[in-house]
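In what follows, chains carry the letters A, B, and so on, assigned in the order in which the sequence lines appear, proteins first and then strands, with residues in each chain numbered from 1.
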There are 2 protein chains.
Amino acid sequence: MENKHLSKNQLRRLPGYLHLLKSLSASGMKYISCQTIASCLDLNKEQVRKDVALISSIDGIPNKGRDINLLIKDIETILGYDDTNNAFIVGVGSLGTAFLHYKGFENFGLKIVCAFDKNPAIINSKISDKPIYDIANLNSEMINKLNVKIGIITVPADSAQEVADLMVKAGVEAIWNFAPVNIVLPKDIIISNMDLATSLSVLSHQLYLKKHKKGEE
Amino acid sequence: MENKHLSKNQLRRLPGYLHLLKSLSASGMKYISCQTIASCLDLNKEQVRKDVALISSIDGIPNKGRDINLLIKDIETILGYDDTNNAFIVGVGSLGTAFLHYKGFENFGLKIVCAFDKNPAIINSKISDKPIYDIANLNSEMINKLNVKIGIITVPADSAQEVADLMVKAGVEAIWNFAPVNIVLPKDIIISNMDLATSLSVLSHQLYLKKHKKGEE
DNA sequence: TTTTATTCGGTAATTAAATACCGAGTTTGG
DNA sequence: CCAAACTCGGTATTTAATTACCGAATAAAA
């Protein structure tokens, strides 16, 4: 219905709103104003108003705000959390294993159904009830059978592109990449990079500044 | 020497440059132009030029570019990768365990030296040669002895703030937070949030758009 | 040596994001 | 029922980020 364009920054703020709203709703609150959201999350109120206006299906009520649960539903719809997407992991190393154990993804509408790896020692075993298949079997037939649209890459950097190509060939629609490389893909494939190095760089740089401001060794 | 201000966005691009430069350097290239970096990473060349100008200690040579290895060193310096920071983990769940196994952090100047948890079953055991201590022992004495300035939070959302407070009280300078909550901290403490939900939201939303554009169920 | 193709640095123009403002309407409390 | 206090939506302003432009300078090729 609404074809409004959300910028990446706006999109990134939504999970924060969602989290707050859920905890407020859980504590019994029924209505919320944009201003309240802003002060809770220490954001600019105009910014929150603008964000909320874009994603909300209803108008706010003056001097009252919006129905929290309706707003939660709107955000979840926009983020696609309301219907479940099946996903699979390629690369059952330490990170991949952690993901197979991690239950939290289902809150975001992501259900990890299986994994692929090339290590014969673990192929056909299970982790947290999710089967590990031979990477050689990752093809379109397989992903149709499993009904998965999302591939998660948790292999080392040097094989990430190769895995991505394999995924595309098998017909995935979206890739969530945890390897610290720039993956080149056809334009119609959705990709989101989760780069630890990038996140760490912000921290690391500020620490550097702090050190050098103080003049410490 | 240079007190130029780097924006968060610029900072986020640096790890990408660094990775590219390293692989080009490894393949024997000696000089690189900003334009080449831009085309490799599919970025705007003016943007790369501006970024590089801010962080480079030397001027570029017309029709030649810059010494790759010098540029690598400059980026590593700015990001603080060139001297090692010791860090510790709080929360030895699946993600925490993965991090204790993961070797890649050392490339970014981050050395995880130990972990804390409250689970008696694992306290005093070791993972990947790194000891796991009782969270009750996380205090200023301890972190001085270990010489750690960075704390990594991998506990569930509902105890993240509590752990963060404990870290601050113990005297850490920076916190890398993997729990999906907004942590409130004194202003002089550096924090970087690594929120899986935020990263996933971008992917999830695009998938939602794709579905609804096609008019599929 | 001269020409040509690049690259640089600095500045200007464009675009996008964040912030501020304001009139209108609604709930709440007297 | 009326006044005061909020909140809204829309618009305007400010700020920051991105992109484009241009003259000068160098390396490489002719």
Side-chain angles (χ1 to χ4, degrees), chain A residues 1-17 20-21 24 29-71 74-75 78 198 201-202 205, chain B residues 1-14 16-17 20-21 24 29-71 74-75 78 182 198 201-202 205:
Chain A
M1 53 186 93
E2 68 296 278
N3 254 357
K4 292 139 187 172
H5 178 69
L6 283 163
S7 79
K8 222 180 225 182
N9 283 352
Q10 289 177 314
L11 221 41
R12 278 199 250 262
R13 284 190 289 266
L14 297 189
Y17 299 163
L20 174 71
L21 294 176
L24 291 179
M29 202 182 281
K30 294 289 175 210
Y31 285 85
I32 184 96
S33 74
C34 292
Q35 207 157 320
T36 309
I37 297 176
S39 71
C40 285
L41 298 178
D42 200 26
L43 291 171
N44 182 288
K45 71 186 155 75
E46 322 288 351
Q47 188 177 57
V48 173
R49 226 205 293 286
K50 239 178 127 178
D51 291 345
V52 168
L54 272 174
I55 55 99
S56 176
S57 60
I58 51 161
D59 272 10
I61 303 164
N63 204 23
K64 200 166 178 195
R66 281 183 173 82
D67 183 298
I68 290 195
N69 293 312
L70 232 53
L71 193 49
D74 282 337
I75 297 180
I78 292 285
T198 304
S201 69
V202 178
H205 174 66
Chain B
M1 55 185 92
E2 68 296 276
N3 253 359
K4 293 137 185 171
H5 179 69
L6 282 162
S7 80
K8 221 178 223 180
N9 282 354
Q10 289 177 314
L11 221 40
R12 278 200 248 262
R13 285 191 289 267
L14 296 189
Y17 299 164
L20 174 71
L21 294 176
L24 291 178
M29 202 182 280
K30 294 290 175 205
Y31 286 84
I32 185 95
S33 73
C34 293
Q35 206 158 322
T36 309
I37 297 176
S39 72
C40 285
L41 298 179
D42 201 29
L43 292 171
N44 183 287
K45 70 186 157 76
E46 323 287 352
Q47 188 176 58
V48 174
R49 226 205 290 289
K50 237 179 130 179
D51 290 345
V52 168
L54 272 173
I55 55 99
S56 175
S57 59
I58 51 161
D59 273 10
I61 302 164
N63 204 23
K64 199 169 178 192
R66 279 183 174 82
D67 183 298
I68 291 195
N69 292 311
L70 233 51
L71 192 51
D74 283 336
I75 297 179
I78 292 285
N182 222 42
T198 304
S201 69
V202 177
H205 174 66

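The nearest pair of heavy atoms linking A:Leu24 to A:Ile68 is CB-CD1, 4.1 Å. Residues A:Asn44 and A:Glu46 share a closest heavy-atom pair of OD1-N, 2.8 Å. Annotation for A:Ile78 and B:His205: closest pair O-ND1, 2.8 Å, computed over non-hydrogen atoms. Taking each heavy atom of A:Tyr17 and A:Gln47 in turn, the nearest pair found is OH-O, 4.5 Å. Contact record, B:Thr198 with A:Pro15: CA-CG, 3.9 Å, taken as the closest heavy-atom pair. B:Ser33 and B:Thr36 make their closest contact through OG-OG1, 2.7 Å (heavy atoms, listed as atom of the first residue, atom of the second, distance).
Here D:dA17 presents its P atom at 20 Å from CZ of B:Arg49, a figure rounded to the nearest Å. Distance CG (A:Asn9) to C1' (C:dT15): 14 Å, rounded to an integer number of Å. Going from atom NZ of B:Lys8 over to atom C1' of D:dA16 covers 15 Å, rounded to whole Å. When rounded to the nearest whole Å, the span between CG of A:Leu6 and P of C:dA17 equals 11 Å. Between A:Gln47 atom CD and D:dT11 atom P there is a gap of 20 Å when expressed in whole angstrom units. Taking atom CD1 of A:Ile58 as the reference point, atom P of D:dG9 lies 9 Å away to the nearest angstrom. Rounded to whole Å, atom C1' of D:dT7 lies 14 Å from atom CG of A:Leu71.
Residue A:Ser33 places its side chain closer to D:dC8 than to any other of D:dC8, D:dT18, C:dT19. Closest approach to the A:Arg66 side chain among C:dC8, D:dG9, D:dT18 is made by D:dG9 (side chain taken as heavy atoms from C-beta onward).
Judged by closest nucleotide on DNA chain D, A:Gly65 is the one of A:Lys50 and A:Gly65 placed further toward the 5' end.
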Could you walk me through whether A:Val52 and A:Ile32 pass side chain to side chain contact (heavy atoms under 4.5 Å, CB included), step by step?
CA-CA 11 Å; A:Val52 168; A:Ile32 184 96; over 6 Å; no
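Less than 4.0 Å separates DNA chain D from no heavy atom of any residue of residues 37-46 of chain A.
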Below 3.5 Å is the cut-off: list the nitrogen or oxygen pairs between protein and nucleotides 26-30 of chain D, distance only.
unit_1	atom_1	unit_2	atom_2	d
D:dA27	N3	B:Asn63	ND2	3.0

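Atom CG of residue A:Leu11 and atom CD1 of residue A:Ile75 lie 11.0 Å apart, to the nearest 0.5 angstrom. A distance of 11.5 Å separates CG in A:Leu21 from CG in A:Leu70, rounded to the nearest 0.5 Å.
Residue-level contact check: B:Arg13 touches the backbone only, with heavy atoms under 4.0 Å from sugar-phosphate atoms and none from bases. B:Gln35 comes within contact range of the sugar-phosphate backbone alone, with a heavy-atom separation under 4.0 Å but no base atom that close.
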